[in-house]
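The structure under discussion appears below in the form of structure tokens.
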Number of protein chains: 2
Amino acid sequence: MEHRIDRIKKQLHAQSYKLTPQREATVRVLLEREEDHLSAEDVYLLVKEKAPEIGLATVYRTLELLSELKIVDKINFGDGVSRYDLRKEGAAHFHHHLVCTECGSVEEIVEDLLEDVEKIVQDDWGFKVKDHRLTFHGICRQCQSEAVISSS
Amino acid sequence: MEHRIDRIKKQLHAQSYKLTPQREATVRVLLEREEDHLSAEDVYLLVKEKAPEIGLATVYRTLELLSELKIVDKINFGDGVSRYDLRKEGAAHFHHHLVCTECGSVEEIVEDLLEDVEKIVQDDWGFKVKDHRLTFHGICRQCQSEAVISSS
DNA sequence: TTTTTAAATAATATTAATTATCATTTATAG
DNA sequence: CTATAAATGATAATTAATATTATTTAAAAA
């Protein structure tokens with residue numbers, strides 16, 4: 001944890017930004033809830049627990065900054081809100097998501113899986129890929145097995 | 001054009017919805033601007049040109065309805081607005097997008113490309129894929145060649 | 001054809017997410 | 001220690017999207 005905070009601190013300093021107490025509190029929340037996909041409002045409420053004086057605008061500004069530095073990725077699953085997802089340590093690319101349309105759960109896929117596809121896009125379309133967003137919508141394992149039970 | 005309107009009419013009727021004049025005007029705009037990625041507001045303004053009495057709420061409702069019937073796909077490129085994209089005729093899946101971070105252009109890829117990946121997701125994660133969203137961010141061919149020219 | 005019922009619409013109010021403004025605080029450099 | 005810039009908190013403003021409601025339109029029943 002401290003190690004990752006330190007890395008992020010350096011990434012900020014490299015662009016002459018500071019890791020203020022508010023920014024650190026925000027980053028800590030993101031680290032603690034790495035498996036989740038929090039909205040700005042979610043983050044705000046969690047940060048408030050440990051730093052009650054923080055303002056909502058600061059959280060938005062911090063998330064925006066972290067997005068620019070590719071420390072977090074901003075993602076949208078089709079409900080009205082943006083969600084913020086910490087990039088995995090050392091990951092070159094954003095990871096993928098499996099959104100269950102039954103229960104709303106979100107699983108993450110860290111494996112690349114897109115190497116071949118990116119090569120095709122690069123070679124056949126002449127498009128230089130810098131980043132991607134891949135989300136699958138469907139039924140998660142859990143909901144599939146429940147469906148079997150309830151129909152039997 | 002008329003052929004596709006007819007198909008959509010049938011799809012609506014199959015679910016006992018009607019193709020009202022407002023809905024038809026909206027669909028026509030989507031067909032005419034198939035290459036674009038219009039927001040609800042964009043669609044509203046274009047529909048207003050041919051049917052000035054239409055209300056914004058009706059456009060939203062129509063786009064929502066067309067989404068449910070999988071006639072259009074709702075997509076979000078990270079700016080604050082949802083965009084609506086006609087599904088290609090007979091396409092089982094939503095197509096992919098190449099968003100240029102330089103000029104903002106959006107190219108479409110109709111080829112599937114994800115068959116292998118979906119198989120992996122299905123087999124290794126036990127996730128039953130129903131739909132997907134794949135967007136690449138990067139530099140389009142045009143902007144790449146311009147970059148070469150300007151740096152020489 | 002009239003009457004009845006339901007679906008769809010237009011206009012507008014409301015909500016909710018995000019951004020902008022601005023005075024104040026904090027940190028940094030001279 | 002002052003001067004300058006960066007960051008923050010509070011709140012106003014904006015904007016996309018949804019909800020409400022009275023009205024219109026269309027279909028079904030009598």
Side-chain angles (χ1 to χ4, degrees), chain A residues 8-9 11-29 37-69 71-85, chain B residues 8-30 37-69 71-85:
Chain A
I8 290 168
K9 189 174 188 173
Q11 285 179 269
L12 285 167
H13 286 166
Q15 313 279 329
S16 57
Y17 291 111
K18 307 170 225 176
L19 185 64
T20 63
Q22 292 89 339
R23 285 174 184 166
E24 187 175 332
T26 305
V27 169
R28 281 185 189 279
V29 163
H37 299 82
L38 304 173
S39 67
E41 188 79 28
D42 295 337
V43 174
Y44 171 63
L45 292 173
L46 290 166
V47 174
K48 246 181 131 55
E49 288 176 10
K50 44 180 69 171
E53 75 290 352
I54 201 166
L56 177 60
T58 300
V59 171
Y60 269 102
R61 278 183 297 236
T62 301
L63 292 171
E64 187 58 36
L65 177 63
L66 295 174
S67 281
E68 276 166 28
L69 301 186
I71 293 165
V72 308
D73 287 289
K74 194 174 178 178
I75 191 168
N76 194 301
F77 290 134
D79 54 348
V81 294
S82 294
R83 297 176 181 281
Y84 298 86
D85 209 355
Chain B
I8 291 169
K9 189 173 188 174
K10 278 178 192 138
Q11 285 179 270
L12 285 168
H13 285 166
Q15 312 279 330
S16 58
Y17 292 112
K18 307 171 221 174
L19 184 64
T20 63
Q22 291 91 338
R23 285 175 183 166
E24 186 175 333
T26 305
V27 169
R28 281 185 189 278
V29 163
L30 293 173
H37 298 83
L38 304 172
S39 67
E41 189 78 29
D42 294 337
V43 174
Y44 171 62
L45 293 174
L46 289 166
V47 174
K48 247 181 130 53
E49 288 176 12
K50 46 180 67 171
E53 75 291 351
I54 201 167
L56 177 58
T58 300
V59 171
Y60 270 102
R61 277 183 298 237
T62 301
L63 291 171
E64 188 58 36
L65 177 63
L66 295 174
S67 281
E68 275 165 30
L69 301 187
I71 293 166
V72 307
D73 287 289
K74 194 173 177 178
I75 191 169
N76 195 300
F77 291 134
D79 53 349
V81 294
S82 295
R83 297 178 180 281
Y84 298 85
D85 210 354

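The structure presented is a predicted model; accordingly, all values stated were derived computationally and were not measured. Computed over heavy atoms, backbone and side chain alike; hydrogens, waters and symmetry mates excluded. So that the names make sense, note that chain A is the first sequence line, chain B the second, and so on, each numbered from 1.
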Spacing between [X] atom [atom1] and [N] atom [atom2], to the nearest angstrom:
X     : N      : atom1 : atom2 : answer
B:E24 : C:dT9  : CD    : P     : 12 Å
B:R83 : D:dA17 : CZ    : C1'   : 15 Å
B:R23 : C:dA10 : CZ    : C1'   : 14 Å
A:H13 : C:dT28 : NE2   : C1'   : 12 Å
A:K18 : D:dT8  : NZ    : C1'   : 11 Å
B:E68 : D:dT18 : CD    : P     : 11 Å
A:L66 : D:dA7  : CG    : P     : 12 Å
B:L65 : C:dA7  : CG    : P     : 13 Å

* To do: Could you check whether A:S82 gets within reach of a base, just the sugar-phosphate, or nothing at all, counting any heavy atom under 4.0 Å?
  =>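 If one applies the 4.0 Å heavy-atom cut-off, A:S82 turns out to touch the sugar-phosphate alone, with no base involved.
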* When we call it a touch if two heavy atoms are under 4.0 Å apart, what does A:R61 touch: a base, just sugar-phosphate, or nothing? -> base
Just so I know, are the side chains of [X] and [Y] near enough to count as touching, which here means a heavy-atom distance under 4.5 Å?
X     : Y     : result
A:L38 : A:V29 : yes
B:L65 : B:R23 : yes
B:L63 : B:K74 : no
B:K48 : B:I54 : yes

With a 4.0 Å limit, can you tell me whether [X] has a side-chain N or O closer than that to the phosphate oxygens OP1/OP2 of [N]?
X     : N      : answer
A:T20 : D:dT8  : yes
A:Q22 : C:dT26 : no
A:Y60 : C:dT18 : yes

* Closest heavy-atom contact between A:V59 and A:A40? ->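 That closest heavy-atom pairing would be CG1-O, 3.9 Å.
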* **Along DNA chain D (nearest heavy atom to each residue), the more 5'-positioned of B:E41 and A:V59** =>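 Taking each residue's closest nucleotide, the earlier one in sequence belongs to A:V59.
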* Answer yes if the side chains of A:R61 and A:T58 hold a donor-acceptor pair under 3.5 Å, and no otherwise. =>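 On atom types as modelled, these side chains qualify, holding a pair under 3.5 Å.
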* Counting side-chain heavy atoms from CB outward, which of D:dT8, C:dT18, C:dA10 is closest to A:A40? ->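 Taking heavy atoms from C-beta onward, the closest nucleotide is C:dT18.
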* To do: Name every residue in residues 45-57 of chain A that has at least one heavy atom under 4.0 Å from any atom of DNA chain D, in order of residue number, or write none if there are no such residues.
  =>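 Contacting residues: A:E53, A:I54, A:G55, A:A57.
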* To do: Examine distances only and state if a side-chain atom of A:R83 and a backbone atom of A:N76 form a donor-acceptor pair shorter than 3.5 Å.
  =>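 Pair absent, no side-chain N/O of A:R83 close to backbone of A:N76.
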